[in-house]
**Q** 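Structure provided below as C-alpha cells; questions to follow.
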Amino acid sequence: MGRYRVRVATGSFAFSGSTNQVQLWLVGQRAEAELGMQLRPTRGQMEDFEVDVSEDLGPLLFVKLQKIHLFLKDAWFCNHITVWTFEKSMEKEIVFPCYRWVQGDGIICLPEATAWTMGKDVQGLFQKHREEELEERRRLYRWATWKKGILLSVDAKSEKDLPLDVRFHENKKIDFEGTLIAGMTEIALKRTYTLLSSWSSLEDFDQIFWCSKNTLAKKVRQSWKDDDFFGYQFLNGVNPTVLRRSTSLPTRLVIPPGAEEIQIQLEKKLQEGCLFEADFSLLDGIQPNVIQGERQYLAAPLVMFKMEHDGKLLPMAIQLQPPCSSSPVPPLFLPSDPSLTWLLAKAWVKNSDFQLHELQAHLLKTHLVAEVFAVATMRCLSGMHPIFKLLIPHLRYTLEINTRARTKLISDGGIFDQVVNTGGGGHLEVLRRATACLTYRSLCPPDDLADRGLLGIPSALYVHDALRLWDIISRYVQGIVHLHYSEDKVVQNDPELQNWCREITEIGLHGAQARGFPVSFQSRADLCYFLTMCIFTCTVQHSGINQGQLDWYAWVPNAPCTMRQPPPTTKDVTLEMVMATLPNIQQACLQMTISWHLGRFQPDMVPLGQHKEEYFSGPGPKAVLSFFQEELNTLEKEIVARNKNLDLPYEYLQPSRIENSITI
Ligand SMILES: CC/C=C\C/C=C\C/C=C\C/C=C\C/C=C\CCCCCC(=O)O
Ligand SMILES: [Fe+2]
C-alpha cells in the first residue's frame, strides 16, 4: 500500500541496453505487486518512475524482473534496481544489486542487498531463493578435469560455452582479439624484414627488437649480460618465486674435481647467512619438445648466489643438470669462465626460469588456483552471501581467460607446442608436478617468504611490497568478515561457507588437504587468512607475475622460450653454439608478441579495490572499502617516493597498477 519510486540502472559498456521490454514486480514479506509498466532499458542510463501499489507488501525482499520480446531476444545488462518507499513521511532506500545479463524470458529474482548468511535468516525468508539459485548455478558452472593431475577447471570446451555473465564484455573481447591480430601482423613484418639478413650474432636480435618494447625492456637489452642484473631478476624481476636463502649446501651440488675453491667460498657465504639458491630440479627429466621436426632441449639448473652488503645478488656458480650416477660429475660454470661460456650458462638458467615462471608461478599458482575459487564461489555461495559479495569483483573474466589459455596457449598445437621447449606435453608434466607440490603456505607470503628466508632484505622490493599489500588486504577482509560473523561459532555454523571451503580443497584443488589447505573453517581468523590468500592471489600476486612479461621477455636472449641445442657439458663455447642454441627468428618473434599481448597494460583494467559494483548495502561495508582504498593510496605514494630514488623502479605492486582480478 503506498507509493514507490523505482530506479533501473543499466550497464554502460557496449550492448548493455536492450530493445526488449522489461516487466518488474516488487515482492514484500506480505504480498507481491506487478508494476504496470514496461521499460526499454537504455545503455548507461538510470531510468526512474513512480508507482502506486494498492496492497500492503510489507518489508520488501525481492525485485523480480522479466524481459519480454516480440521477435529478437536482446540481452540486457542490469546493474541494479533501487526502490524508495515512503513510510510515515520518511524515505527509505532499498537496493537490489544485479550486475548480470538478463537473457531469455525467464523471471529473475533479485534479493535486497543486505548480506545474509543462512543462519541469520531465522524466518527462512530467503531459503528457497538461495536453494534455487545454487541449484541453477551448479547446473551452469560444472567442474571438469581438463588433464589428469592438474587442478580442476570450469567445464567449457571454448569460451563460447561459458555463461554470458562470466564472458568478456565486448570492449575487452575486441581489445584482446585485436591485439592478437596486430601482434601476428607485426611478426609477418619482422619475418619479411629479417628474410635476407643473417642470424649469427647476439646483436642480430636487434632486428626484431622493435614494437612491443618499452623503457625497461630497452634497459634489459643493455644490461642483460651483467651479473648483478641477472641476480636482480630473482629478487625483483618477473619471477621472484624461486629464490631462497640457503640453510646448507644443496645435496645436488657435487663439486667437480678442481673446483674446491668455490666450495670454500660457498661455505663462507653460508656461514655469513648470505648464500642463496635457485633450484630448477622440478624440470629434471621433463621430455623436451620437438618443433617442426627439430628436437629442443631442457636443463634443470641450480644457481648459487651471494648477497653483497649493498643488497646486490650475484651468481657464484651454475650447475646445469643434477648429478646422475651414470654420467660424469656435471661441470660448475663460474663467473671466471670465458664470457660466452658464462653467458650461455646464465641463458640456460633463464630458460628454465621462463618455464617455472609461466607454468608454476603464473599459470598454476595464479590463473588456475583463481579458477578454482571462481567455480567454487559460483557453485556454493548464494549472491546474498557476504563472502560472495566480497570475492566476486576479484573473479571477473578469470574463467574466460583461462578457457582461452586451454584452447590457444597450452593446448595441442598451442603457443607452448609451437615455441617453448617444455611444449609438446612436457609443459603438462611440469604443471602436474607443480600441482602435486602446491602448498597452502606457498600461496601466503608471510609463510612463503619466511620459509624461503627472504624477510628483512632491503633490496627485495617484491617481498616488501607483497607483505605490505598482504597486511592491507587482510585488514580489508577482517573488516568485512567481522561485520557479518560476530563470533567463531557463526563461521562454524555457516553451511554455504563450509561447503565452499570443502569444495575448493577436496574437489577443485584435487585433494589438497594433505598440503595444508583447510577443509573447514573453525574460526573467524581461519576464514580471514584464507580469504586474504584468495584476494591476494587474484590481484597482487598475479600482477607481480604477469606485468613483467613485457619488460623482461621482449629481449629474447634474456629469457629464451626454447633452447635448440643441448646444454654445454664443457667450457668450450663459441658464438655459433650460443646462436644455434637460442630461439630462431620465428620463435623469438612469437615470444615477443605473446609477452607483449599478455604483459601490456589492459585498457579496461580495474585497479585493486576500485570496482564500481556495489554488492553490499549499508554504511559498514562502504566504510571498510573506503579504508581499504585509503590504505592502498598511502602505499601508492610510498612506492612512488621510493622508486624515485632507484635506478630501476619496482612498479609491479604499485596499487594503481594491480588489477582487481585475473583478466589476462
Ligand atoms: C612465448 C609464450 C610466452 C608466454 C606465455 C606463457 C604462459 C602464460 C600463462 C598464462 C597466460 C594465461 C592466459 C593467456 C590466454 C591466452 C593466450 C592466447 C594466445 C593466443 C595466440 C593465438 O594463436 O591465438
Ligand atoms: Fe596472466
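Order of listing sets the numbers, starting from 1, for every ligand and every atom in it.
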**Q** What protein heavy atom is closest to atom 1 (C) of ligand 1, reported as residue, atom name and distance in Å?
**A**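 For atom 1 (C) of ligand 1, the nearest protein heavy atom is Q591 CA, 3.8 Å.
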**Q** Tell me the protein heavy atom at minimum distance from atom 12 (C) of ligand 1, and give that distance in Å.
**A**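 Ranking protein heavy atoms by distance from atom 12 (C) of ligand 1, first comes H367 CE1, 3.4 Å.
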**Q** Side chain or backbone of F354 under 4.0 Å from ligand 1, or both, or neither, by non-hydrogen atoms?
**A**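 It is the side chain that touches ligand 1; the backbone stays farther off.
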**Q** K190 and F209: side-chain contact (heavy atoms from CB on, under 4.5 Å), yes or no, with the steps?
**A** CA-CA 9 Å; K190 286 178 177 173; F209 193 58; over 6 Å; no
**Q** My understanding is that we take every heavy atom of each candidate and find the minimum distance to atom 18 (C) of ligand 1. Doing that for K408, Q587, H362, E358, which one comes out nearest?
**A** K408
**Q** Does ligand 1 have a heavy atom under 4.0 Å from the side chain of H597, from its backbone, from both, or from neither?
**A**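 Contact part for H597 vs ligand 1: neither.
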**Q** Answer with yes or no whether L590 contacts ligand 1, where contact means a heavy atom under 4.0 Å from a ligand atom.
**A**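 Distance cut 4.0 Å: L590 fails for ligand 1.
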**Q** Would you say K350 and N558 make side-chain contact, with heavy atoms under 4.5 Å?
**A**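 Yes, close enough: below the 4.5 Å cut-off.
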**Q** Which residue holds the protein heavy atom closest to atom 10 (C) of ligand 1, what is that atom called, and what is the gap in Å?
**A** L363 CD1, 3.3 Å
**Q** Applying a heavy-atom cut-off of 4.0 Å, say which part of F416 lies close to ligand 1: side chain, backbone, both or neither.
**A** side chain
**Q** Which protein N, O or S atoms does the Fe ion (ligand 2) have within a distance shorter than 2.8 Å?
**A** H362 NE2, H367 NE2, H542 NE2, N546 OD1, I664 O
**Q** Among protein heavy atoms, which sits nearest to atom 11 (C) of ligand 1, and what does the distance come to when rounded to 0.1 Å?
**A**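 Of the protein heavy atoms, L409 CD2, 3.7 Å lies nearest.
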**Q** Check each heavy atom of L598 against ligand 1 and say whether those closer than 4.0 Å belong to the side chain, the backbone, both or neither.
**A**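 Answer for L598: side chain.
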**Q** With heavy-atom distances below 4.0 Å as the criterion, list the atoms of ligand 1 near L180.
**A** 20 (C), 21 (C), 24 (O)
